[in-house]
Amino acid sequence: EDLSDTDLIICYLLPRSLAKYKKKFEKELKKGSRIISYAFSIKGLEPKKVIAKEKGISKIILYEI
């Protein structure tokens, strides 16, 4: 699927899957697009914000392209 018109991606994926999508995100998402990942970071991308683990909910990592 082409992501060029997308401005928000929500991921509930394991690190291996996130690594596969990283290149696609960087290539197709326009500047200012946001990525939200539950529990796992996307290696090689700098998070804009990390919401700490709290009351049984894993951390949430926010990225902006």
For residues 40-65, please give each side-chain donor-acceptor pair under 3.5 Å, one per line with the distance, not counting sequence neighbours.
| from | atom 1 | to | atom 2 | distance (Å) |
| --- | --- | --- | --- | --- |
| K48 | NZ | E64 | OE1 | 3.3 |
| Y63 | OH | I42 | N | 2.7 |

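The stretch residues 6-15 participates, sequence neighbours left out, in no side-chain hydrogen bond (donor to acceptor under 3.5 Å, both in side chains) pair at all. Among residue pairs with one or both ends in residues 26-41, those qualifying as salt bridge (charged side-chain N to carboxylate O under 4.0 Å, His left out) are K22-E26, K24-E28; sequence neighbours excluded.
Under the 4.5 Å side-chain heavy-atom criterion for Ile, Leu, Val, Met, Phe, Trp and Tyr, L8 and Y38 are members of the same hydrophobic cluster. At a threshold of 4.5 Å between side-chain heavy atoms, the hydrophobic network of Ile, Leu, Val, Met, Phe, Trp and Tyr places L13 and L3 in one connected group.
Considering CD1 of I35 and CD1 of I9, their distance stands at 6.5 Å, rounded to 0.5 Å.
The side chain to side chain donor-acceptor pair (under 3.5 Å) check on D2 picks up S4, with sequence neighbours excluded.
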Could you walk me through whether F25 and C11 pass the side chain to side chain contact (heavy atoms under 4.5 Å, CB included) test, one step at a time? CA-CA 12 Å; F25 293 157; C11 301; 4.0 Å; yes
